[in-house]
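When a residue number appears, it is its place in the shown sequence, counting from 1.
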Amino acid sequence: QVQLVESGGGLVQAGGSLRLSCVVSGDTFSTYSLGWFRQAPGKEREFVTASLWKTSTTYYGDSVKGRFTISRDNPKKTVYLQMNSLKPEDTAVYYCAAQRLGTIATIRTLGKYNYWGQGTQVTVSS
């Protein structure tokens with residue numbers, strides 16, 4: 001069983017930065033594609049960014065491109081989300097997710113992720 005534990009959320013002013021961390025345990029970390037999703041109140045959970053397992057190629061949602069960066073540290077079994085130039089519309093619960101292997105075709109698809117963290121709240125004040 002794979003477990004994911006996020007940390008690093010909090011309250012920040014618009015224009016500020018936060019870094020989220022997600023520690024993954026229970027299986028071979030390097031064989032999982034890892035993603036971040038977010039869900040704002042009253043909205044559906046949406047894709048933010050992901051790192052493909054084999055190449056570590058990264059993918060971003062349009063709303064965060066150029067501001068957010070995903071990175072992974074395989075020895076530490078940790079994936080990070082660096083968030084810069086935060087906006088009030090970035091306010092949401094952020095979830096880390098793991099997808100066994102994964103492909104370009106599935107990396108953005110919420111339903112293709114096998115394991116999820118509990119989520120961490122990010123609030124951006126204006």
Side-chain angles (χ1 to χ4, degrees):
Q1 183 73 9
V2 175
Q3 293 185 325
L4 297 88
V5 179
E6 302 105 332
S7 61
L11 174 65
V12 64
Q13 287 190 332
S17 298
L18 277 177
R19 188 176 82 154
L20 306 183
S21 300
C22 175
V23 178
V24 183
S25 62
D27 203 344
T28 307
F29 180 82
S30 60
T31 63
Y32 281 84
S33 294
L34 299 164
W36 289 93
F37 289 76
R38 67 186 182 186
Q39 188 166 18
K43 294 188 177 182
E44 293 186 351
R45 195 169 298 189
E46 67 171 355
F47 172 79
V48 175
T49 180
S51 172
L52 198 61
W53 73 278
K54 192 170 185 179
T55 61
S56 295
T57 304
T58 56
Y59 302 84
Y60 295 91
D62 289 342
S63 62
V64 306
K65 206 171 292 184
R67 300 187 298 122
F68 289 12
T69 303
I70 187 173
S71 61
R72 59 191 293 166
D73 186 330
N74 284 352
K76 292 185 177 180
K77 297 186 177 182
T78 302
V79 59
Y80 303 97
L81 178 62
Q82 177 66 44
M83 304 185 292
N84 298 329
S85 301
L86 282 161
K87 305 175 181 180
E89 51 263 45
D90 294 318
T91 295
V93 177
Y94 283 71
Y95 297 90
C96 175
Q99 178 179 150
R100 184 82 168 92
L101 301 180
T103 69
I104 296 173
T106 64
I107 198 72
R108 298 173 182 264
T109 306
L110 184 151
K112 295 295 186 180
Y113 283 79
N114 310 102
Y115 303 99
W116 293 83
Q118 80 287 356
T120 185
Q121 177 71 45
V122 171
T123 303
V124 184
S125 64
S126 56

L11 atom CG, neighbour heavy-atom count above 12 within 6.0 Å: yes

Close aromatic pair by centroid cut-off 6.0 Å: W36 and F68: no

4.5 Å side-chain heavy-atom contact, Y59 and L52: yes

Residue pairs, two or more places apart or on separate chains, that pass salt bridge (Lys or Arg N to Asp or Glu O under 4.0 Å) and touch residues 97-113: none

Contacts of K65 that satisfy salt bridge (charged side-chain N to carboxylate O under 4.0 Å, His left out) - sequence neighbours left out: D62

same_hphob_cluster(Y60, L18) at 4.5 Å side-chain heavy-atom cutoff: yes

From S30 atom OG to N74 atom CG, the distance as rounded to the nearest 0.5 Å: 5.5 Å

Worked check of side chain to side chain contact (heavy atoms under 4.5 Å, CB included) between T123 and V12: CA-CA 6 Å; T123 303; V12 64; over 6 Å; no

Any residue meeting side-chain hydrogen bond (donor to acceptor under 3.5 Å, both in side chains) with Y113, in chain and number order, not counting sequence neighbours: none

Any side-chain donor near an acceptor of the partner, T78 and D73, under 3.5 Å: no

Spatial distance of atom CD (Q99) from atom CG (N114) [nearest 0.5 Å]: 6.5 Å

Same apolar cluster: V124 and V48, side chain cutoff 4.5 Å: yes

Polar side-chain atom of R19 near backbone of Q82 as donor-acceptor pair, under 3.5 Å: no

Any side-chain heavy-atom pair of F29 and D27 under 4.5 Å: no

Side-chain H-bond candidate by donor/acceptor type, R38 with T49, under 3.5 Å: no

Results of ring pair (Phe, Tyr, Trp, His ring centres under 6.0 Å) for Y115 - residues two or more places apart only: none

I104 reachable from L110 in the ILVMFWY side-chain graph, under 4.5 Å edges: yes

Heavy-atom check, side chain of Y95 versus side chain of W116, under 4.5 Å: yes

ILVMFWY cluster, V79 and W53 together (side-chain gap under 4.5 Å): no

Any donor-acceptor pair under 3.5 Å from E6 side chain to Q118 backbone: yes

Side-chain (T103) to main-chain (T106) donor-acceptor, under 3.5 angstrom: yes

Short side-chain to backbone donor-acceptor contact, Q39 and E46, under 3.5 Å: no

Donor + acceptor pair across side chains of E89, T91 (<3.5 Å): no

Close side-chain approach of Y32 to V2, heavy-atom, < 4.5 Å: yes

Value rounded to 0.5 Å, distance of CD1 in I70 from OG in S51: 5.5 Å

Results of side-chain contact (heavy atoms from CB on, under 4.5 Å) for S25 - residues two or more places apart only: Q3

Minimal non-hydrogen separation, S17 against N84, with atom names: OG-OD1, 2.9 Å

Between OG on residue S71 and CG on residue L81, distance to nearest 0.5 Å: 8.5 Å

All pairs passing disulfide (SG to SG under 2.5 Å) where residues 49-126 contributes a residue, at least two apart: C22-C96

F37 ring center within less than 6.0 Å of F47 ring center: yes

Over all atoms of both residues, closest heavy-atom pair of P88 and S126: CG-CB, 3.8 Å

Under 3.5 Å donor-acceptor, S85 side chain and R67 backbone: no

Side chain to side chain contact (heavy atoms under 4.5 Å, CB included) between T120 and V93, worked out: CA-CA 5 Å; T120 185; V93 177; 6.0 Å; no

Minimum side-chain heavy-atom gap V122-M83 below 4.5 Å: yes

Pairwise distance NZ(K87) to OG(S63) - rounded to 0.5 angstrom: 8.0 Å

Which atom of S33 lies closest to which atom of R72, heavy atoms considered: CA-NH1, 4.2 Å

Test item: V23 and K76 side chains (from C-beta on) under 4.5 Å apart, heavy atoms: no

